[in-house]
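The structure appears right after this line, and notes come after that.
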Amino acid sequence: MSAANPAVVIHAARDLRIEEREIHAPEAGQVLIEMQAGGICGSDLHYYNHGGFGTIKVREPMVLGHEVAGKVAALGAGVEDLKVGDLVAVSPSRPCQNCEYCQNGQQNHCLNMRFYGSAMPFPHIQGAFQKMLVANANQCAPAHGLTAGQAAMGEPLAVCLHALKQAGDLMGKTVLVTGCGPIGCLSILAARRAGAGRIIATDLSDFTLNKALECGADLALNTAENPKALSAFQRDKGQIDVHLECSGAAAALATGVTCLRPQGTLVQLGLGGDMTVPMQAMTAKEITLKGSFRFHSEFATAIQMMQLGLINVDPLITHSFDVSEALNAFDMAADRSRAMKVQLTFAS
């Protein structure tokens, strides 16, 4: 077991530091995880580049990170389903299980959620980019047969599985995915597995669009080079059955609405701040708009799908950096012309 516990800590915009954190012993029902891999998410980048997003700002030093996997280093009392040495993916979702939403099976809307690396509450919820992390045993999904990097992709894949649940039956449907970062590409992988008949992907970067094709998109369109690239899908009131909006960009949403068939479905995954919605067109075409936020039960399913070989995330993991090079890792993660999913590794 490591005696050091380096952590990636955000203090303010562009003020990212590697600091030592105390190592705690696991209590009853908990495990100590020796971290191996952690993926840098869009929210981590918002904290790094802007000190937060919208009204949510960093007000105290906060450990970042919520896409992580590692090996069990110690067991607390009463933990029987895991053993020391097991590779586990650690869900960052820690609902209270007592509030009205948890009791109704809506744990992703928990009133007392303690989601890793979140500045929404104060004091902030510290994140998981640290070498040694105490987690609840029920957060840990055994990931035997996977690499640590693959297991750390369980969190973003779970986000996409929840979105597909919101979208409903995709069998034979024509699906538009706008925004082909990690969430967009994972949505393509999941939509194809769910039986989508045709998948059209759009983005502003040829690098990400090539990844979208590698993930199974049938057509990839660069809307920066050709703003009218989707015009063929607007004829006869629209040719798209389901729009998975992963960019958070108002222009992508608005264009998608023009492509949706009457009574089509728009699922909003991307979080880019408030935007203007073409409500009149959506009303006239009777379009169903659904939000999609986080996940809960989908996390274990995501890990199982990768273990069964149903989803291959390897093409999306483009870079790995030791935690000591976190600054370089974050700068690379922000470069959408070269990077898809950038992960930190925590050497023993």
Side-chain angles (χ1 to χ4, degrees), residues 29-41 43-44 65-73 75 79-95 97 105 107-108 110 113-117 127-129 133-166 182-194 215-216 269 292-318 320 340-346:
Q30 296 182 327
V31 294
L32 179 65
I33 305 294
E34 186 167 8
M35 208 60 67
Q36 292 198 326
I40 298 173
C41 175
S43 62
D44 297 317
H66 56 267
E67 302 178 7
V68 295
K71 289 189 174 181
V72 175
L75 304 174
V79 177
E80 299 179 350
D81 295 335
L82 298 170
K83 64 181 185 297
V84 172
D86 281 351
L87 175 67
V88 295
V90 184
S91 173
S93 178
R94 295 182 292 171
Q97 301 292 9
Q107 287 90 343
N108 59 317
C110 173
M113 174 64 74
R114 302 184 72 251
F115 200 94
Y116 284 149
F129 282 168
L133 176 74
V134 171
N136 297 326
N138 62 12
Q139 291 175 250
C140 300
H144 53 272
L146 300 179
T147 66
Q150 292 167 337
M153 293 290 284
E155 194 273 350
L157 179 55
V159 168
C160 300
L161 295 181
H162 182 72
L164 263 63
K165 184 185 294 184
Q166 295 291 84
I183 294 298
C185 284
L186 287 167
S187 293
I188 291 169
L189 286 167
R192 182 60 77 202
R193 177 55 60 185
C215 289
L269 289 82
S292 184
F293 184 64
R294 293 180 177 166
F295 56 87
H296 186 64
S297 60
E298 296 89 352
F299 186 82
T301 302
I303 299 301
Q304 291 167 2
M305 291 184 76
M306 289 189 287
Q307 289 174 313
L308 292 170
L310 300 177
I311 296 282
N312 177 21
V313 299
D314 287 345
L316 302 183
I317 305 172
T318 54
S320 294
M340 179 61 68
K341 177 58 68 177
V342 175
Q343 293 185 335
L344 297 174
T345 58
F346 298 77

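Fair warning: this is a prediction, and the values are worked out from it, not measured in the lab. Along the sequence shown, residues are numbered consecutively beginning with 1.
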Work out which heavy atom in [X] is nearest to a heavy atom in [Y]; give both atom names and the distance.
X	Y	result
Cys140	Ala135	SG-CB, 4.4 Å
Pro95	Met113	N-SD, 3.8 Å
Pro92	Phe299	CD-CE1, 4.5 Å
Phe346	Gly38	CE1-N, 4.1 Å
Leu161	Glu298	CD1-O, 3.9 Å
Ala152	Ala69	N-CB, 3.8 Å

For the side chain of [X] and the backbone of [Y], is there at least one donor-acceptor N/O pair under 3.5 Å apart?
X	Y	value
Arg294	Ser93	no
Lys71	Val88	no
Asn108	Phe293	yes
Thr318	Met340	yes
Gln307	Met305	no

Kindly compute the distance separating [atom1] ([X]) from [atom2] ([Y]), expressed to the nearest 0.5 Å.
X	Y	atom1	atom2	answer
Arg192	Leu310	CZ	CG	15.0 Å
Ile183	Leu157	CD1	CG	8.5 Å
His162	Ser297	NE2	OG	8.5 Å
Lys341	Leu186	NZ	CG	8.0 Å
Ile311	Thr301	CD1	OG1	11.5 Å
Asn138	Arg94	CG	CZ	10.5 Å

Are any of the side-chain heavy atoms of [X] and [Y] separated by less than 4.5 Å?
X	Y	answer
Asp86	Pro142	no
Ser187	Leu269	yes
Leu189	Asn312	no
Val72	Ile33	yes
Leu32	Glu34	no
Glu67	Asp44	no
Gln343	Met153	yes

Take atom CG of Asp81 as the centre, draw a 6.0 Å sphere, and report whether it contains more than 12 heavy atoms from other residues, nucleotides or ligands.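 No.
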Who are the ring-ring contact (aromatic ring centres under 6.0 Å, His included) partners of His66, not counting sequence neighbours?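 For His66 the ring-ring contact (aromatic ring centres under 6.0 Å, His included) partners, ignoring immediate neighbours, are Phe115.
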Hey, mind stepping through Leu87 and Gln36 against side-chain contact (heavy atoms from CB on, under 4.5 Å) and telling me if it holds? CA-CA 9 Å; Leu87 175 67; Gln36 292 198 326; 3.8 Å; yes
Can you find a side-chain donor-acceptor pair between Tyr116 and Glu155 that sits under 3.5 Å?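 Result is no, nothing qualifies.
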